[in-house]
Amino acid sequence: MKYDFKAIEKKWQQRWEEEKVFSAKDDFSKPKFYGLIEFPYPSGAGMHVGHIKAYSGLEIVTRKRRMQGYNVLYPIGFDAFGLPTENYAIKNGVHPRVVTDKNIARFTEQLKRVGFGFDWDRVVDTTDEKYYRWTQWIFLKMFDNGLVFRDKTLVNYCPSCKVVLSNEDSQGGKCDICNSDVVQKSKDVWYLRITEYADKLLEGLDTVEYPQNIRMQQENWIGRSYGAFVNFKIKDLEETLRIYTTRPDTLFGVTFMVIAPEHPLIEKHRARIANIDALDAYKEACAKKTEFERTQLTKDKTGVKIEGLSAVNPVNGKEIPIFISDYVMMGYGTGAIMAVPAHDERDYEFAKKFGIDIIEVIKGGNIEEAAYTGDGQMVNSEFLNGYDNKKDSIAAMLVYLADKGIGEKGVQYKMKDWAFNRQRYWGEPIPIVHCEKCGMVGVPYEQLPLRLPEVENFEPGEGGESPLAKIDSFVNCTCPKCGGKAKRETDTMPQWAGSSWYFLRYIDPLNDDCLADPEKLKYWLPVDWYNGGMEHVTRHLIYSRFWHKFLYDIGVVPSAEPYAKRSAQGMILGANGVKMSKSLGNVVDPLDVVDQYGADTLRTYVLFMGEYGTAAPWNESSVKGCKRFLDRVADLPAKVKGEGETAALTSALHKTIKKVSSDIEEMKFNTAIAALMGLLNEVDKVESITKDEFSVILRLLCPFAPHLCEELWEQMKGEGLCSLASWPTYDEAKTVDAMVEIALQICGKFRGTLMISKDAGKDELLAAAKAEPKIASMLEGKTIVKEIVVPGKLVNIVAK
RNA sequence: GCGGGUGUGGCGGAAUUGGCAGACGCGCCAGACUUAGGAUCUGGUGUUUUCCACGUGCAGGUUCAAGUCCUGUCACCCGUACCA
C-alpha cells in the first residue's frame, strides 16, 4: 500500500534536526568513527543525483556505526571558492559572496530533504574568512618552512579564463574549467614544493587502506624512478653534459645523445655551432606547440643534429653526436639523455630515421627489427660482459661510475612542484607582501585573515593579472618587517587550497585560536573512511595528503596520514547509458525523484542500481521497483502479532542480519538491499511476524530508508528513535537451516536434489543419495569409480 | 604503448575456500480485482520441442566438478601519455 511519504519525511527531518540526532559529541570516552565525503562545490545548478550516490555510501556506513554505539562524525561543508561562481557573478553583476550564499542555502535545503545524517552544527564554508584565515595560516607556515617559492617559468595559460593553470588543470592541453586550448606563457608563479614530500607520499601508501587502482594511480602520478646521473664530456671543451638514465647498464651501447630544444647548452655555445639557424628554427617550432601537441606526435620522431658539438662516452672514449629533439623534455631529469637505440624504443626509432649506429649490449632480441628492452646477457660491454641480468649489471656500473667520478646514482619523479596561484578574485588572497628592501615577507599571523577587498569589477586584467591588482588600497601597504613601502601579492590561491585541509576543520569548526584543538584532533584523526570520486584520487587526494604530512611534521596534527581508508563511487549515467549532461537532456534532478517517489526511494535506488564503485545507468522503472518494496514494508504492521522469534523466520532473519551487516562493510549495498527484499518475500509466506522480528527488519532497513523506518518504529512503540536503536546482532548457529538441500550429481552432471538434516554425515548422505529413485536407476548396471561427498553441499557419484 | 579493470538472460546485476549459474529488481507473458489500468495482487519467465541437450566474450587445458584456477586470444571501459 502506498504511504504518505511527504508527511513522514517532513515530520522526521524536523525531529532529527530539533533533537540534533546526528551531531557528533566530543565525548572522548566513546569509540569514534569519522566518515568523510568530498564536500560539494555549491554550483548554481543545484544538486545532481551523482551527489546523492556519492554521499549515500558512507551515509549507510555511518548510520550503522551510530547504531553500533560509535560516536560518529559525518560532516558536510562547501568548497565554495572557484571560477564558475566568479564567472556567474561577472556576467550577472552580483557579488560572488551573494551567489555563494544563495547556492549554499539551496544545497543545504536539498541535502536535508534527502534526509542525510550529516552533522549540521559543523558546516564549513571555505570562503568564510574564519575558515580561510587558517588556509592562509597553513600557507604561511609552509612559507616559513621553505616549501613556498616563486619562479619564472613557462606556464599553462588559458586565454579564455585568463588564468594560469597547473599541469593537473590542463591535462590534454585543454583548460579544466572552460575546455579551451591552453597556451604556453612565461610568467612568475607561486609554487609549493610538493616534490619534497614525494617519498613520504609514496611510502605512506603502505600504511593506509586504499584500493589497488587508487594506490596505483598515486604511485604513477608521483612516478619515482631509480637510476643514475652520468656526466659526458663535450669534445674539445671544458664542459660536461649531464644526463639521467634508469639504464646505466647500457652505457656501452650509447651511440648518440639527445637534448631538449630549450637546453642551455645551445645558448652557451652558439658561436661554435655551425647550424645554429636550423636549431633555432626547430626550437621555435616546438615552442609554438602546446604540451599536448608535442606529446601527440608519438610516432614520428623529429630532430636536428648539432653541428660543431659532440660528446665523449665516458666509459669507452668514443665520440658521439648530439641532437636536439622534442621527445626529450626540459622538465624531467636533466633535459638531456644518452641514447641507446638497441635497447630503447624511442631511441631506436630516432636512430633508424637518422641512420645512426645501433650497438647491441644485451643479448636476447633481434636488433635488426626492434629495440630489445628485456633482460639478458651483456655483450660488447667490456667489464660488464658476462653479467646476465639488469640488476647486477646496473649495480656493477654504479660502482664503476662512482669510482671513476663520472656519475652517481639518482632518483627522479614525474610529479612536479605544485603551481599554486590564480589571477582571479574569488579565492584566498596569498598573504605575502613584496618589499623592495626585505623581499617577500609573510603577513604576520596575528593579522590573518587577510580579507578579500571589495572590488567594483571582478574581471581579470588583460595581461592576466588578478582583479586585486586594480585596488590601490589593497596593493599598497607597509612592510611588516621594516615598515617601509611595500606591495601586496595580488594572486589568489587555487581552488585546491581550501579542500586540502577541510576535514581538519570539521573537528573544531568554530575555533578562533587555532586550526583545531589538539585534543580533539587526537581523538578524531585519522578520518576512518573517505569516499569520493575517482577524478580526485590524484590531485585532491595527493594535495591534501601533502598538506596533512606537512602539518604532521610541524606538530599540528597527530597522524601521519589523513585518511585511513579510501573508496570511490561510480557515476550515475543517463538512461541512455551515457554521462548525464544538460545538452543531452538526460539529467535527473534528485528533488524530482524525492517529490514523486520520496527520499527513501531515492536513497534505496541509488544504492540498489548496481555495484557501488561502478557506473550504472538511471532507470526509472527500477526506481518504481524500490518504491514498491518500501510500500510493501509499510504494510507490515498489519502482520505483527506477539513477541519473540518464530521458527519459520528465524534462520532467514539471522542470515539477513549477517548478510546486511557484512555487505555494508564491503559497500555491497545492492546485495544488502536485495537480501532485505528477499527477507520480505519470506515474510510474505508466513501468516504473521512478531514485534521482535519486525524490529529487526526496521533496524536493518533504517540506514537506507530512515524516514519510513522511524514512522513504523513509532507506530510499533519502539523505544526512542529507530536511528539510535541498536544494530541487530545474529547468532551464527541460527543462520543455518535444520534441513539443507543437497545437490546430486552423476559424473559431475546435476541430476537432482535431496533434503536432508544439516548434521547428516558422509555415509548417511551417500546412502540417501543412492536411495533416490532417479539416481538409483541411473546407476543401475554401472560400476562406481569414485564417490565425492561434500557435507551441506553435494554428492557426486562417478560411474562407468 | 604502459598501468588498472570489466566481459554472465531482453535490461541493471547476483553467485565464501572451485560445488545446483542467473539471487534481487526491472521488463515481458498469463491470470485476478476493476467502468478503466500506465494502480495493486497471484503465477510464469536463460536457450531449445517435454525428457535429453546447450549455455558466463572466444580457443584450449587442469579437475569427479570451472563464471571461479592455468595458457593463449578478442572486445570494451577508466587512468596515463615520448618520464629517459
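For clarity, every value in this text was computed on a predicted model and none was experimentally measured. Quick note on labels: first sequence line is chain A, next is B, and so on, each numbered from 1.
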Looking at A:N681, I'd like to know whether one of its side-chain N or O atoms comes within less than 4.0 Å of OP1 or OP2 on B:rG25.
yes

Starting at CG of A:L607 and ending at P of B:rA14, how long is that distance when rounded to a whole Å?
13 Å

For B:rA84 and A:Y244 - does any side-chain N or O of the residue sit under 4.0 Å from the phosphate oxygens OP1/OP2?
no

Taking atom P in both B:rU45 and B:rC24, compute the distance separating them and give it to the nearest angstrom.
12 Å

Could you state the CD-C1' distance from A:E611 to B:rC77, rounded to the nearest angstrom?
14 Å

Please list, pair by pair, any protein nitrogen or oxygen found under 3.5 Å from a nitrogen or oxygen in nucleotides 61-66 of chain B.
residue: B:rC64; atom: OP1; partner: A:K786; partner atom: NZ; Å: 3.4
residue: B:rC64; atom: O2'; partner: A:N796; partner atom: ND2; Å: 3.4
residue: B:rC64; atom: O2; partner: A:N796; partner atom: ND2; Å: 2.3

Hey, does the side chain of A:R628 come within less than 4.0 Å of B:rU40's phosphate (OP1/OP2), counting only N and O?
yes

Quickly work out the A:E349 CD to B:rG1 P distance and round it to whole Å.
14 Å

Please state whether the phosphate of B:rG3, meaning OP1 or OP2, lies under 4.0 angstrom from any side-chain nitrogen or oxygen of A:N213.
no

Contacts of A:R215 meeting side-chain hydrogen bond (donor to acceptor under 3.5 Å, both in side chains) (sequence neighbours excluded), chain-then-number -> A:D206, A:E219

Distances under 3.5 Å only, N/O to N/O: pair up the protein atoms with those of nucleotides 15-17 of chain B.
residue: B:rA15; atom: OP1; partner: A:K668; partner atom: NZ; Å: 3.3
residue: B:rU17; atom: O4; partner: A:K793; partner atom: NZ; Å: 3.3

Going by the rule side chain to side chain contact (heavy atoms under 4.5 Å, CB included), which residues pair with A:K734 if we only count those two or more places apart in sequence or in a different chain?
A:E645, A:T650, A:H654, A:D731

Solution key, residues 669-678 of chain A side-chain donor-acceptor pairs under 3.5 Å, sequence neighbours excluded:
residue: A:T671; atom: OG1; partner: A:D663; partner atom: OD2; Å: 2.8
residue: A:T671; atom: OG1; partner: A:K668; partner atom: O; Å: 3.0

Stem ranges of RNA chain B by first residue number, counting only runs of at least 3 Watson-Crick or G-U pairs under 3.5 Å, come to B:1-7 with B:74-80, B:10-12 with B:24-26, B:27-32 with B:40-45, B:57-61 with B:69-73

Where does B:rG9 land, syn or anti, given syn is within 90° of 0?
syn

